[in-house]
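Here's the structure, in structure tokens; my notes come after.
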Amino acid sequence: MSQAAATTHDSSDWMALEDALLAVLQSAVAGISPAVKVLGAAELSKVHESNAPSPAVHLIYMGYTPVEDAGSALMLEHRWIVAVAVKNAATLATGAAQRAAVGKLQTQVIRAMLAAKLPNARSAVRLLARPAAHYEPGWRLEPHAFSVKTVFNKLA
């Protein structure tokens, strides 16, 4: 954990990652029609399945794991879920319209996230094994897991 790699951003403020990741996701879905809502923790706390916007991308923080302790600093690996949510009952019997909508949106999201470099991170974003998807008639939630590393500086 070289201090030479430090930036002007405080890498100990790992929750600032949410803002950086939201910006990556918003850029990825800009211009898509119909408009895609990108929801972070503040917005998701107000959403229930019955009023969830669609199409949408949900960013959910899943915690961290210490991966290296250098005495005065800790390297942390943070895990995030980016879930693509689509409601589409056009072809309810086959789900074809729903799959098509989800497929296009998740492709945009994954491409944007892969190797994204965040200002307060010590690694590029990388793809992890994904959690299970959630399906209901007319509703589909496709989650993808990502990680990024930061350095948390201990108090002197």
Side-chain angles (χ1 to χ4, degrees), residues 7-67 74-152:
T7 67
T8 58
H9 300 280
D10 182 0
S11 63
S12 293
D13 181 6
W14 69 72
M15 290 314 295
L17 291 171
E18 182 180 29
D19 291 335
L21 288 167
L22 287 170
V24 168
L25 293 168
Q26 287 165 343
S27 177
V29 301
I32 293 176
S33 183
V36 178
K37 297 277 188 184
V38 177
L39 308 172
E43 298 84 10
L44 286 170
S45 68
K46 301 171 196 145
V47 171
H48 302 284
E49 192 169 317
S50 62
N51 70 347
S54 172
V57 176
H58 304 174
L59 178 65
I60 305 159
Y61 184 59
M62 299 300 291
Y64 65 87
T65 301
V67 293
L74 293 169
M75 176 78 71
L76 303 173
E77 182 174 23
H78 303 269
R79 293 171 310 284
W80 294 83
I81 298 295
V82 176
V84 173
V86 173
K87 293 179 188 175
N88 189 324
T91 56
L92 201 53
T94 66
Q98 191 181 76
R99 281 193 310 278
V102 165
K104 290 176 186 174
L105 185 52
Q106 72 185 353
T107 298
Q108 289 293 106
V109 165
I110 292 170
R111 284 182 175 156
M113 291 290 288
L114 287 178
K117 297 194 187 311
L118 308 179
N120 51 338
R122 293 294 176 95
S123 71
V125 175
R126 78 181 176 99
L127 186 64
L128 302 174
R130 70 171 272 172
H134 177 74
Y135 312 103
E136 290 186 24
W139 174 254
R140 188 176 187 123
L141 187 68
E142 293 282 346
H144 302 278
F146 296 89
S147 74
V148 64
K149 293 179 183 173
T150 64
V151 172
F152 183 79

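These values consider heavy atoms only, across backbone and side chains, with no hydrogens, waters or symmetry-generated copies.
When all heavy atoms of A20 and L118 are compared, the closest pair comes out as CB-CD2, 3.9 Å. The nearest pair of heavy atoms linking L141 to A83 is CD1-CB, 3.8 Å. Here the shortest heavy-atom pairing between A145 and L127 reads O-CD1, 3.5 Å.
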For residues 105-114, tabulate all N or O donor-acceptor pairs below 3.5 Å that involve a side-chain atom, not counting sequence neighbours.
{"residue": "Q106", "atom": "OE1", "partner": "H144", "partner atom": "NE2", "Å": "2.8"}
{"residue": "T107", "atom": "OG1", "partner": "G103", "partner atom": "O", "Å": "2.7"}
{"residue": "Q108", "atom": "NE2", "partner": "A28", "partner atom": "O", "Å": "3.4"}

Please table the atom pairs, donor to acceptor, closer than 3.5 Å between any side-chain atom in residues 29-47 and protein atoms at least two apart or in another chain.
{"residue": "E43", "atom": "OE1", "partner": "G40", "partner atom": "N", "Å": "2.7"}
{"residue": "S45", "atom": "OG", "partner": "A42", "partner atom": "O", "Å": "2.8"}

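Residue pairs meeting the side-chain hydrogen bond (donor to acceptor under 3.5 Å, both in side chains) criterion with at least one member in residues 58-67, sequence neighbours excluded: W14-Y61, Y61-H78, T65-R79.
Counting only distance, with no hydrogens or angles, the side chain of S123 and the backbone of K149 share a donor-acceptor pair below 3.5 Å.
For the pair V82 and L21, the minimum side-chain heavy-atom distance is 4.5 Å or more. Contact of the R122 side chain with the T150 side chain is not registered, since no non-hydrogen atoms from C-beta on lie closer than 4.5 Å.
Note that the CZ atom of R126 and the CZ atom of F146 stand 11.5 Å from one another [nearest 0.5 Å]. Atoms CD1 and CD, on I60 and E18 in that order, are 10.5 Å from each other to the nearest 0.5 Å.
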